[in-house]
Amino acid sequence: MNEERSTMPWFGMDIGGSLCKLVYFEPKDTTKDELESEIEVLKNIRRYLTKNSAYGKTGHRDTHLQMDNVVIRGRKGTLHFIRFPTSEMGNFLALARMKGMANLVTTVCATGGGAYKFEENFIREVNMKLAKFDEFDSLIKGMHYIEAQNSDECYYWANPTDETRCAKVNYDFSNPYPFLIVNIGSGVSVLSVNGPNNYKRVSGTSIGGGTFLGLCCLLTGCNSFEEAIELATGGDHTHVDKLVRDIYGGDYERFGLPGDLVASSFSACCSFGQMNSRDRRSKVSREDLAKATLVTITNNIGSIARMCAQQEKIDRVLFIGNFLRVNPIAMKLLAYAMDYWSKGTMKALFLEHEGYFGAVGCLLQFNE
Ligand code: ADP
């Protein structure tokens with residue numbers, strides 16, 4: 001058995017501020033000899049990871065994202081995508097220990113701030129060394145790799161404001177440069193990418209997915225991202241926001257501002273009075289508040305993205321990160337905003353494996 005085949009680590013981890021993303025590569029071209037010599041612990045771990053789609057109370061495998069027949073450093077196999085809240089790291093390590101991980105001498109590729117924060121815990125609790133990689137290098141490498149393997153990876157939203165005609169459309173991203181990445185995680189980073197190894201971080205904002213979830217929980221009493229999105233889906237932000245037409249009675253034509261544009265988030269006034277009156281607040285539903293929070297955060301990110309694209313003279317903007325998970329409202333808003341405010345010159349693009357590129361990228365970089 002050659003050295004490369006036996007020592008290859010199968011995990012890539014991206015330990016973020018909110019979620020830990022774990023990518024597991026399961027080789028499918030294992031020879032009979034390899035299978036026989038594989039130790040029991042490894043077999044058990046593989047079985048556990050690939051037979052379940054839920055791990056403990058909070059771990060999930062995104063089976064719809066699974067990729068079969070992919071090749072990583074000459075090996076053919078399946079990529080599995082698993083996530084759990086970073087706050088559950090203690091339980092994750094306890095589970096890994098219970099499954100016998102500490103008996104393997106392994107190195108795991110890791111990126112994200114948690115690769116530094118939890119480094120000691122990994123060594124102490126599961127005898128695992130972390131091979132640390134830069135998160136933006138990993139993100140871009142992972143993105144290019146997945147995009148090249150999956151012809152359906154990249155898409156845009158056609159007719160984003162028309163519920164009946166709105167559709168996801170495949171986008172050929174084989175000739176990508178230059179493009180902008182807007183990574184919406186707990187916070188937001190904006191990268192300008194001009195070539196495979198040529199990128200810079202041009203901007204960012206602390207008002208991101210974490211802000212949405214935090215504010216939404218505070219305002220509505222909801223307890224999870226999924227619940228927040230569900231509430232927002234049934235809400236109407238115009239009950240909460242002050243629109244251009246609330247001020248002008250219609251469009252502000254001279255500067256091309258349509259009447260239904262939000263002029264001031266969370267400050268609606270109408271026959272009930274203002275948002276700062278107790279009576280007015282009592283008329284607003286949890287759903288409306290969730291939707292207004294989502295619209296406020298998303299429009300702010302869209303506005304920053306457009307200004308960065310303009311400054312960098314780039315017309316394709318790739319939005320990624322787990323804020324976009326199960327979140328078509330935000331994607332459609334971004335698609336519309338980019339198109340409308342750039343007068344059709346900029347395009348918002350999206351990727352199916354939205355939050356997993358950092359984890360994939362650091363797995364690919366091991367021993368590079
Ligand atoms: P990070 O690396 O900062 O954790 P991610 O790209 O993983 O960033 O995105 C985190 C964001 O994704 C959260 O702030 C939240 O808005 C959203 N999100 C999507 N699904 C979940 C979930 N199941 N639990 C918590 N946050 C989620």
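Order of appearance sets the numbers: ligands from 1, and atoms from 1 within every ligand. We're numbering straight along the sequence, starting at 1. All values below come from the heavy atoms of this structure, side chains included, with hydrogens, waters and symmetry mates left out.
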- Task: Pick whichever of G185, G187, A359 has a heavy atom sitting closest to atom 8 (O) of ligand 1.
- Result: G185
- Query: Under the 4.5 Å side-chain heavy-atom rule for ILVMFWY, direct or indirect, which residues accompany I247?
  - Reply: V244, Y248, Y252, F255, L257, L261, Y336, Y340, W341
- Run the contact test for F212 against ligand 1 with a 4.0 Å cut-off on heavy atoms, strictly below, and give the result. no
- Message: Using a 4.0 Å cutoff against the non-hydrogen atoms of G209, which atoms of ligand 1 qualify?
- Response: 14 (O), 15 (C), 16 (O)
- Any nitrogen or oxygen of S186, main chain or side chain, under 3.5 Å from a nitrogen or oxygen of ligand 1? yes
- Hey, quick one: are I184 and F136 part of the same hydrophobic cluster, counting side-chain heavy atoms closer than 4.5 Å, chains of contacts allowed? no
- Quick one: does G112 get within less than 4.0 Å of ligand 1, heavy atoms only? no
- Task: Identify, by atom number and element, the atoms of ligand 1 in contact range of G321, meaning under 4.0 Å from any of its heavy atoms.
- Result: 6 (O)
- Query: Is any N or O atom of N183, backbone or side chain, closer than 3.5 Å to an N or O atom of ligand 1?
  - Reply: no
- Check whether any N or O atom of G355, backbone or side chain, sits under 3.5 Å from an N or O atom of ligand 1, and answer yes or no. no
- Taking only heavy atoms of G17 into account, list the atoms of ligand 1 that are under 4.0 Å away from them. 1 (P), 2 (O), 3 (O), 4 (O)
- Item | Atoms of ligand 1 close to G210 [distance to a heavy atom under 4.0 angstrom, numbered from 1] | 14 (O)
- Message: Suppose I only count heavy atoms of L19 and a 4.0 Å limit; which atoms of ligand 1 are within that range?
- Response: 4 (O), 7 (O), 21 (C), 22 (C), 24 (N), 25 (C), 27 (C)
- Ligand-side contact atoms (ligand 1) for residue partner K21, heavy atom cut-off under 4.0 Å: 1 (P), 2 (O), 4 (O), 5 (P), 7 (O), 8 (O)
- Item | Atoms of ligand 1 close to E226 [distance to a heavy atom under 4.0 angstrom, numbered from 1] | 23 (N)
- Item | Mutual orientation of the aromatic rings belonging to F92 and F84 [parallel < 30°, tilted 30-60°, perpendicular > 60°] | parallel
- Message: Considering non-hydrogen atoms of the protein only, which is the closest contact for atom 6 (O) of ligand 1, and what is the distance?
- Response: N322 N, 2.9 Å
- So, is the end of the K132 side chain (NZ or CZ) under 6.0 Å from the ring centre of Y116 and within 45° of the ring's axis? yes
- Query: Is the F350 to Y156 ring centre distance short of 6.0 Å?
  - Reply: no
- Establish, yes or no, whether a centroid distance under 6.0 Å links the rings of Y177 and H144. yes
- Item | K291 to H237 - nearest heavy-atom pair and separation | CG-N, 3.6 Å
- Item | Protein heavy atom at shortest distance from atom 13 (C) of ligand 1 | S18 OG, 3.8 Å
- Message: Within the 4.0 Å heavy-atom shell around G16, which atoms of ligand 1 are there?
- Response: 1 (P), 2 (O), 4 (O)
- Item | Closest protein heavy atom (residue, atom, distance) for atom 20 (N) of ligand 1 | R325 NH1, 2.6 Å
- Tell me whether the centres of the aromatic rings in F81 and Y356 are closer together than 6.0 Å. yes
- Message: Whether the T63 and S53 side chains hold a donor-acceptor pair (N or O, under 3.5 Å, no angle test) is what I'd like checked.
- Response: no
- Message: Can you confirm whether M89 sits close enough to N121 that some side-chain heavy atom of one is under 4.5 Å from a side-chain heavy atom of the other?
- Response: no
- Task: Quick one: look up the protein heavy atom nearest atom 15 (C) of ligand 1 and list residue, atom name and how far away it is.
- Result: F225 CD1, 3.6 Å
- Parallel, tilted or perpendicular: rings of F212 and F225 (30°, 60°): perpendicular
